[in-house]
Amino acid sequence: MSEVTRPTLSDALTESMLELIRTGGHQPGDRLPSTRELSQRFAVTTPTLREALRRLEATGAIEMRHGSGIYVGAAIGRIVLPNPNMREMHGAQLLELLGARIVIEPPLAALAAERATGEELEALRGVLDDAARHLRGQDAELHDANMTFHRATARLAGNSVLHEVVDSLLTVHGPEQRQILQIFDDRSRDFDEHQAILEAIEAGDAEAAEARMRAHLVDVRTVIEQRLQHPPK
């Protein structure tokens, strides 16, 4: 029988910090006490405190701003967290990434078509308007707009956990998503497919929104698979 792992001082301190945030009613962006104040409050040395703070920062629970202080992080309430230790993906893993998105994102597009309000649709339209301004060589900005479109569509579905799953996939594998854009290498077609998805969502056509999102992602995966099998010489 294996030994039960005992919580370390850092484990206990991490939990105490989270409890401080919860019981204090702190919200993302709120400033927390200084390192010195926290060390005194929890009766620990500064190095021990900093270890706990680094662990919390790695999960996005807090944000340490040099010269400013410690703040509650935007991810404090998340259920699904991206893995900060994930390294670059290649080949088959890129296809698996797209396969996961094909399973998750089309039903979320259908839900978005059923649930989205006029104000939310206007914001989603603004994302594509932004993408349209970056179709000629501004790949970094275009990539950001494309990923915002997929995140926003998932968020409009109304399931916060699935939205976090999509957000985590796109966040952890950001470099791979940019690589997909470069390999796909047809920015206008990519934009037109996003446009078709948006039109179905705006029309409240859940069936079309789901089908178009699936077709879009399958289209991208097919092109990536062909390029990986037959790279340009």
Side-chain angles (χ1 to χ4, degrees), residues 10-39 41-42 49-89 97 100-101 104-105 108-109 111-112 115-117 119-131 134 140-178 180-181:
S10 184
D11 292 331
L13 186 54
T14 299
E15 182 56 39
S16 295
M17 280 291 302
L18 290 172
E19 186 65 18
L20 171 66
I21 293 170
R22 286 192 292 262
T23 58
H26 297 293
Q27 300 298 316
D30 288 352
R31 187 172 181 174
L32 296 171
S34 68
T35 303
R36 181 178 179 181
E37 291 172 301
L38 291 171
S39 296
R41 180 188 184 108
F42 298 119
L49 176 68
R50 289 195 180 280
E51 180 183 350
L53 292 177
R54 282 194 294 268
R55 293 170 63 173
L56 290 169
E57 187 175 36
T59 64
I62 67 166
E63 179 184 353
M64 299 176 68
R65 303 177 191 172
H66 182 69
S68 179
I70 308 166
Y71 295 81
V72 179
I76 185 66
R78 284 184 68 122
I79 296 172
V80 180
L81 290 169
N83 178 7
N85 303 311
M86 185 64 197
R87 294 297 179 257
E88 187 176 358
M89 301 171 69
L97 169 61
R101 293 180 59 193
I104 298 169
E105 292 191 53
L108 295 183
L111 287 171
R115 298 172 55 91
T117 66
E119 185 176 343
E120 290 170 333
L121 291 173
E122 185 177 350
L124 194 58
R125 169 64 62 183
V127 173
L128 278 196
D129 289 343
D130 184 46
H134 302 296
E141 293 83 358
L142 179 59
H143 166 76
D144 288 344
N146 286 344
M147 295 303 97
T148 299
F149 177 78
H150 282 275
R151 285 186 174 94
T153 300
R155 180 176 54 78
L156 293 183
N159 186 306
S160 62
V161 175
L162 288 174
H163 171 238
E164 288 181 7
V165 170
V166 172
D167 179 64
S168 295
L169 286 173
L170 300 181
T171 298
V172 170
H173 306 303
E176 287 71 36
Q177 301 293 348
R178 287 189 289 275
I180 286 170
L181 176 64

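Because the structure is a prediction, the values reported are computed rather than measured.
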Inset, instruction - Before giving the answer on side-chain contact (heavy atoms from CB on, under 4.5 Å), spell out for Leu169 and Leu97 the whole-Å C-alpha distance, their side-chain angles and the decisive distance to 0.1 Å. - result: CA-CA 8 Å; Leu169 286 173; Leu97 169 61; 4.0 Å; yes

Legend entry - Closest contact, heavy atoms only, Tyr71 versus Gly29: CD2-O, 3.4 Å

Inset, instruction - State the CG-CD1 distance between Leu53 and Ile70, to the nearest 0.5 angstrom. - result: 5.0 Å

Inset, instruction - State whether the number of non-hydrogen atoms from other residues, nucleotides or ligands found under 6.0 Å of Arg41 atom CZ is greater than 12. - result: no

Inset, instruction - For residues Ala157 and Leu108, report the shortest heavy-atom separation together with the two atoms involved. - result: CB-O, 3.4 Å

Inset, instruction - Drop me the distance from Arg151's CZ to Leu124's CG, to the nearest 0.5 angstrom. - result: 14.0 Å

Inset, instruction - Compare all side-chain heavy atoms of Thr148 with those of Asp130 and state whether any distance is below 4.5 angstrom. - result: no

Legend entry - Contact summary for Ala74 and Pro28, nearest pair of heavy atoms: CA-CB, 4.0 Å

Inset, instruction - May I ask you to test the Asp144-His134 pair for a side-chain heavy-atom distance under 4.5 Å? - result: no

Legend entry - Closest approach of Val127 to Phe149 (non-hydrogen atoms, all atoms of both residues): CG1-N, 3.6 Å

Inset, instruction - Pick out which of Glu119, Arg115, Glu120 makes a side-chain hydrogen bond (donor to acceptor under 3.5 Å, both in side chains) with Thr117. - result: Glu120

Legend entry - Euclidean distance, His163 NE2 relative to Thr153 OG1, rounded to 0.5 Å: 9.5 Å

Inset, instruction - First locate atom OG of Ser39, then atom CZ of Arg50, and finally report the distance between them rounded to the nearest 0.5 Å. - result: 8.0 Å

Inset, instruction - May I ask you to test the Arg31-Arg65 pair for a side-chain heavy-atom distance under 4.5 Å? - result: no

Inset, instruction - List the atom of Asp30, the atom of Gly25, and the distance in Å for their closest heavy-atom pair. - result: OD2-O, 4.3 Å

Legend entry - Pair Glu51 + Arg54: basic N to acidic O under 4.0 Å: no

Inset, instruction - To the nearest 0.5 angstrom, please state how far the CG atom of Asp167 sits from the CE atom of Met147. - result: 11.5 Å

Legend entry - Close side-chain approach of Leu13 and Leu49, heavy atoms under 4.5 Å: yes

Legend entry - Any His26 side-chain heavy atom under 4.5 Å of Ile76 side chain: no

Legend entry - Close side-chain approach of Ile62 and Ile21, heavy atoms under 4.5 Å: yes

Legend entry - Close side-chain approach of Val166 to Glu105, heavy-atom, < 4.5 Å: yes

Legend entry - Between CZ on residue Arg155 and CG on residue Leu111, distance to nearest 0.5 Å: 14.0 Å

Inset, instruction - Please say whether more than 12 non-hydrogen atoms of neighbouring residues, nucleotides or ligands are located less than 6.0 Å from CD in Glu15. - result: yes

